[in-house]
2 protein chains.
Amino acid sequence: MKITLKTISEESGLSITTVSRALAGYDDVNEETRQKIVSIAERLGYQPNLAARHLRSKHTQTVGMVIPLTSYFSDPFFMELLSGVGRQAAEYGYDLLLSAQQPGEDELNTYRRMVASSRIDGMVVARILKEDPRITFLKEARHPFIVFGRSNANDYPYIDVDGEAGMRAVVQHLTEMGHRRIALILSPRELAFTSARYAGYVQGLRAAGIEPEETYLAEGTLSADSGHAAALRLLDQTTPPTAIAACNDMMAIGAMQAVQSSGLEVGRDIAVTGFDDIPPSAHAHPPLTTVRQPTYLIGRQALDMLIQVIRQEPLDQSHVLLMPELVIRESSGTNRRR
Amino acid sequence: MKITLKTISEESGLSITTVSRALAGYDDVNEETRQKIVSIAERLGYQPNLAARHLRSKHTQTVGMVIPLTSYFSDPFFMELLSGVGRQAAEYGYDLLLSAQQPGEDELNTYRRMVASSRIDGMVVARILKEDPRITFLKEARHPFIVFGRSNANDYPYIDVDGEAGMRAVVQHLTEMGHRRIALILSPRELAFTSARYAGYVQGLRAAGIEPEETYLAEGTLSADSGHAAALRLLDQTTPPTAIAACNDMMAIGAMQAVQSSGLEVGRDIAVTGFDDIPPSAHAHPPLTTVRQPTYLIGRQALDMLIQVIRQEPLDQSHVLLMPELVIRESSGTNRRR
DNA sequence: ACAGTAATCCAAAACGTTTTGGAAGTCAAT
DNA sequence: ATTGACTTCCAAAACGTTTTGGATTACTGT
């Protein structure tokens, strides 16, 4: 049988109100009665019905995250973020509601459902577009949210890593290794972080006195397969690049496979670099030179910020920008070349 | 402002009852009125308040999973399972409530909270113990659940892989490669799958006429570090093993590092194998010979089964046992030895 | 003895939905 | 005109909480 406040009320001979207030710790109930109520509640194994509580009190101790089925699940980057968010949510006693988007459903719909159905107190949004309708929606709905990433309009709290600096460091490293023909495998242009990483690439080249060339640019979709295809296109020209920088690790891993299948050796004949430092990258063959985003920690900090937004506390810092770290491994070559 | 049934009721001049029934698709409302109601609902962007709905109707379209913080998050195996469950949940229109267990909190408490607070319709339980209090609890509470794994008492629906056959295949492979001194790094004894894998190990040895020896057994905690330590212990004896089988991939990866740091080469001087085939294993150095558990698919199928339990439909199969597949890579040696 | 205060309790409303058990109206058959 | 069968609608109850706005009692100082 279900144990409710009513059960305890009957058992104790006190009103439902008093039972509720006793358990909630209000000070207008006698310490002795509280003891009695608490002990009955424990004996019966009372657990409040959260649906009822939420209906009444308007907050749910739950934060939400939407997962577009196409890519995010099984994407190690996203999983790491999820871990961080989940970990920190537990710290605050919050649960995490994952709504994988229903197949074929408009993504924005999933957001609408989540927000308007009032099952969550706030949302974490990741991998945003330059013009992101989800953010527009959340802003309009005045629903608490936190973003991993920056877009064009930045009037919302976010946490991000400096992709420009990261990619600049990659290119600087490559030029120091003697490379001059450095190609870039771009992420989709509509993604918010693409322009920052591209800008860093250009800056890195110019700092070494190199003009970027159209023929050393290729576009991928973030997946390993797309990195593979892009690398093949880049290599298939009269003066192919001697280094390939990819905008994320998955594409870099695909690119390495492409390089190897062309009979070249990564790290000796050609350098390959990534961005993200997802766990597999350290164990790739050869280990991948990349830019570390502390994704797990970002998840945790994002949740910290979200809680502040939910509680309407002023944010310590509403725009957090982390400096990424260049991680040099073998894929970019162990010895100077050329 | 919040759009509720009342809003639509006032807007349309119809009762709340009729609005509710119209939107729910009952056939006791005129088609014309339904059109009107639906169009108003759409215009206003009505989204039902799920807390209220759940309070009244007793089911939540949500399944739950508890994640012990200590190990599971950031455990690739568990993440894969999560992906499968999440993916399939979306297929049925279910959401996924993740409750990471609070640090220091009794795990069973988290289950109690989840179940009794009536926020979920069913649970997925993974990595169970031989005697698992969570299962006892769920059975007693008569709350729908599905288990990945088998324990001693099997009177509940589960899906599992045949760990005995898997480990037998590993040992058979190793003996065929000429190994006679084959060590085993055990998972914790209280875990349900440990005994099956151990049994397979013994069977595999006996099939090749080898008696298992106490000195070739070590125990780990599933983590890479524990595998590392266990391997060092195994190697530090007068006649060390020539092959080390680990009960999961993480420990195998740790063991490989230990072997390498002892100046030996994995795959040539000594063979190492794992169990699970988590994604990093294919890219390990050298790539790890292991037993593939289709964890993602298991997650999906587990959810299929859970939905059936929730709907009180008879299960197609209440005990599913999958055959795992031996994946031979370089860590077990490419050429016959000895 | 009396007002004033503090301590302790509670009835009832509210949250937004679904469901129950009709009511009202229409129409056709008698 | 009455009956029965349909169709279409709705008032009210229920789900289990929290909160509001007192009510009751006991104690204090005068």
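Just the heavy atoms: all of them, side chains too, but no hydrogens, waters or symmetry mates, feed the values below. In what follows, chains carry the letters A, B, and so on, assigned in the order in which the sequence lines appear, proteins first and then strands, with residues in each chain numbered from 1.
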Under a 4.0 Å N-O cut-off, is there an ion pair linking R87(A) with E91(A)?
yes
I need the [atom1]-[atom2] distance between [X] and [N], as an integer number of Å.
X      : N       : atom1 : atom2 : result
E32(A) : dC9(C)  : CD    : P     : 9 Å
L23(A) : dG16(D) : CG    : C1'   : 13 Å
L5(A)  : dT18(D) : CG    : P     : 6 Å

When you compare the side chains of T62(B) and R119(B), does any donor N or O come within less than 3.5 Å of an acceptor on the partner?
no
Side-chain donor-acceptor contact under 3.5 Å, N152(B) with E131(B)
yes
Touch class at under 4.0 angstrom, heavy-atom based, for [X] against every strand present:
X      : value
D28(B) : base
L50(B) : nothing
K6(A)  : nothing
T4(A)  : sugar-phosphate

Point-to-point distance, once rounded to the nearest 0.5 Å, from CZ of R127(A) to CG of D132(A):
12.5 Å
With nearest nucleotides of DNA chain D determined for L55(B) and N30(B) from heavy-atom distances, which residue corresponds to the more 5′ nucleotide?
N30(B)
For I16(A) and for R21(B), find the nucleotide of DNA chain D with the closest heavy atom, then tell me which residue's nucleotide is more 5'.
R21(B)
Is any N or O donor-acceptor pair between the side chain of R56(B) and the base of dT17(C) shorter than 3.5 Å?
no
